Amino acid sequence: MSKNKYHFPIVDGHTHVYKDHVANKIIGPFSDFYQLEPVAIGKGIVSDVLQNMKKYQIRYTVLANFASLKSILDVNEWTLSVADNNPQLLPLVSVHPEMTHDMTGILEYYIQKGAKGIKMHTGIQLFEPNDHRLKPVYRFCGKHHNHVTFHCGETSNVHVNDFANMSHIYPVLEAYQDVPVILAHMAAGKPDEVYQIAEQYKNVYFDTSITITGQHCIKRIHDNFWENDKNVETAFHEIGCNRIIFGSDYPFGNPGSDIRRFMNMDLTDDDKSKILGGNVLTLYGIES
């Protein structure tokens, strides 16, 4: 792509990266267990992300990493260190209700080290989103306007548990309406439910990852409604383009094809700039 093709900053709001020596060991078994087709589009490593950013003119990329309880501290520290060495990478950290640390204290520490928010993949991390032990987390985020990103719905047709179902996330939305929340995968992709959430909870944003994609990289489990550009355009206007966040879900999605699809939609340049980067930058308090 030529330099300065876009007149606004592009931000990939949802990606995952792993240490070089373990990326294949993580992506392979994960893809096999969840029967993902294909296994992955990217390598899942930092250098690959940086190469994509240069190729597709992406100014910032959000690292939406998460981890199990046994590795959560190590993964958080590694993610923060990667972002510290690469300022164009914006790190999220994960938490778990069984962490023995003072929740408020460790979040203050993470924010001071550059964390932009929290990622919860409760279905894989195996905890209830509204676990009472997470109250300090949500209170902290509400007080300091730090956002929480939830993985929503199934990862694939393989059902493991209900923790990431919207029915389990609703109590958090209801109890903590001062917390900025990003619901990944368009809140599991049911259009009527998305409209209802958008109307009821004004603190909620929706990320497009995998649900609205320019390349059907994973065997689809989301509503076919989102495959039609006109439906997507109508939905964005109904929800509000200031509440939509582009995310590729790399390495399981392709940021380049997704960007092309959004750029070809019948949306104003202002709407495209919000969806493709502006909304994340505003939410994170980053000047464009």
Side-chain angles (χ1 to χ4, degrees), residues 9 11-19 26 44-46 49-50 53 58-122 124-125 127 129 131 133-152 169 172 176 178-184 203-205 207 209 245-250 277-288:
V11 181
D12 188 340
H14 187 144
T15 69
H16 304 277
V17 292
Y18 313 96
K19 297 178 182 180
I26 294 174
I45 58 178
V46 174
V49 169
L50 297 176
M53 292 177 71
I58 299 170
R59 185 177 298 183
Y60 295 103
T61 290
V62 177
L63 306 181
N65 295 344
F66 61 91
S68 63
L69 178 61
K70 67 178 181 179
S71 59
I72 198 166
L73 297 178
D74 177 63
V75 170
N76 284 343
E77 290 288 355
W78 178 78
T79 302
L80 292 170
S81 69
V82 166
D84 188 50
N85 291 325
N86 301 276
Q88 67 271 54
L89 303 180
L90 307 176
L92 306 185
V93 292
S94 61
V95 296
H96 195 288
E98 294 182 24
M99 292 173 69
T100 57
H101 295 69
D102 167 54
M103 289 288 192
T104 299
I106 198 165
L107 282 176
E108 288 177 342
Y109 165 75
Y110 285 147
I111 297 300
Q112 288 174 0
K113 293 199 69 174
K116 301 302 181 184
I118 297 170
K119 169 66 184 293
M120 294 189 186
H121 199 315
T122 53
I124 292 179
Q125 292 180 287
F127 64 82
D131 189 298
R133 292 169 292 183
L134 293 173
K135 287 182 179 180
V137 172
Y138 297 126
R139 289 171 179 164
F140 178 91
C141 290
K143 180 179 179 180
H144 298 283
H145 202 69
N146 295 121
H147 87 278
V148 178
T149 294
F150 286 103
H151 171 92
C152 300
I169 298 173
V172 177
Y176 303 100
D178 58 341
V179 176
V181 171
I182 298 175
L183 298 179
N203 57 316
V204 167
Y205 299 76
D207 102 14
S209 58
I245 291 172
F246 154 61
S248 71
D249 211 6
Y250 168 94
N279 292 334
V280 167
L281 296 179
T282 297
L283 186 59
Y284 290 7
I286 298 174
E287 294 184 7
S288 60

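All values derive from a computational prediction rather than experimental measurement.
Here the straight-line distance linking atom NZ of Lys116 with atom CG of Leu92 works out to 10.5 Å at 0.5 Å rounding. Atom CZ of residue Arg139 and atom CG of residue Asp178 lie 10.5 Å apart, to the nearest 0.5 angstrom. Put simply, OH on Tyr250 and CG on Leu63 are 10.5 Å apart, with the number rounded to the nearest 0.5 Å. Distance OG1/Thr15 to CD1/Ile58: 9.0 Å, rounded to 0.5 Å. Within the model, atoms CZ of Phe140 and CD1 of Ile106 stand 11.5 Å from one another, a figure rounded to the nearest 0.5 Å.
Here the side chain of Tyr205 pairs no donor or acceptor atom with the backbone of Val181 at under 3.5 angstrom. Judged by distance alone, with hydrogens and angles left aside, the side-chain atoms of Asn65 form no donor-acceptor pair with the main-chain N or O of Pro91 at under 3.5 Å. Put simply, the side chain of Asn203 gets close to the backbone of Val179: a donor and an acceptor are under 3.5 Å apart. Although no hydrogens or angles enter the test, the distance criterion places no donor-acceptor pair under 3.5 Å between the side chain of Ser209 and the main chain of Ser248.
Taking 4.5 Å as the limit, every side-chain heavy atom of Val11 sits out of range of all side-chain heavy atoms of Tyr284. The shortest distance between side-chain heavy atoms of Leu90 and Ile286 falls below 4.5 Å. Taking 4.5 Å as the limit, some side-chain heavy atom of Asn76 sits within range of a side-chain heavy atom of Tyr110. Using a 4.5 Å cut-off on side-chain heavy atoms (C-beta onward), Leu89 and Val46 make contact. Proximity of Asp12 to Phe246: side-chain heavy atoms (C-beta onward) are separated by under 4.5 Å at one or more points. In this structure, Met120 and Val95 have side chains that are in contact, with non-hydrogen atoms separated by less than 4.5 Å. No side-chain heavy atom of His144 sits less than 4.5 Å from a side-chain heavy atom of Leu107.
The aromatic rings of His96 and Phe127 sit perpendicular to each other, their planes meeting at more than 60°, with 30° as the lower class boundary. Using cut-offs of 30° and 60° for the angle between ring planes, the Tyr18 and His16 rings count as parallel.
When all heavy atoms are compared, the tightest approach of Cys141 to Ile118 is SG-CD1, 3.6 Å. Contact between Thr104 and Pro136 at its shortest, heavy atoms only, is OG1-CB, 4.0 Å. Contact between Pro180 and Leu283 at its shortest, heavy atoms only, is CB-CD1, 3.8 Å. Annotation for Met53 and Arg59: closest pair CE-O, 3.4 Å, computed over non-hydrogen atoms. In plain terms, the two heavy atoms of Gln125 and Lys119 that are nearest each other are OE1-O, 4.1 Å. In terms of heavy atoms, Ile169 sits closest to His151 at CD1-O, 3.9 Å.
Ser81 meets the side chain to side chain contact (heavy atoms under 4.5 Å, CB included) test with Trp78; sequence neighbours excluded. For Tyr176, the ring-ring contact (aromatic ring centres under 6.0 Å, His included) partners two or more places apart in sequence, or in a different chain, are Tyr138.
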Verdict with reasoning, Asn86 to Val49, per side-chain contact (heavy atoms from CB on, under 4.5 Å): CA-CA 11 Å; Asn86 301 276; Val49 169; over 6 Å; no
side-chain contact (heavy atoms from CB on, under 4.5 Å) between Ser94 and Val75: does it pass, once the steps are laid out? CA-CA 9 Å; Ser94 61; Val75 170; 5.6 Å; no
Apply the test side-chain contact (heavy atoms from CB on, under 4.5 Å) to residues Ile182 and His14: give CA-CA distance (whole Å), side-chain angles for both, the deciding distance (0.1 Å), then the verdict. CA-CA 10 Å; Ile182 298 175; His14 187 144; over 6 Å; no
Going through the distances and angles, do Ile72 and Met99 end up as a side-chain contact (heavy atoms from CB on, under 4.5 Å)? CA-CA 9 Å; Ile72 198 166; Met99 292 173 69; 4.0 Å; yes
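Legend: salt bridge (Lys or Arg N to Asp or Glu O under 4.0 Å) pairs involving residues 73-82, not counting sequence neighbours, sorted by first then second residue: Lys19-Asp74, Glu77-Lys113.
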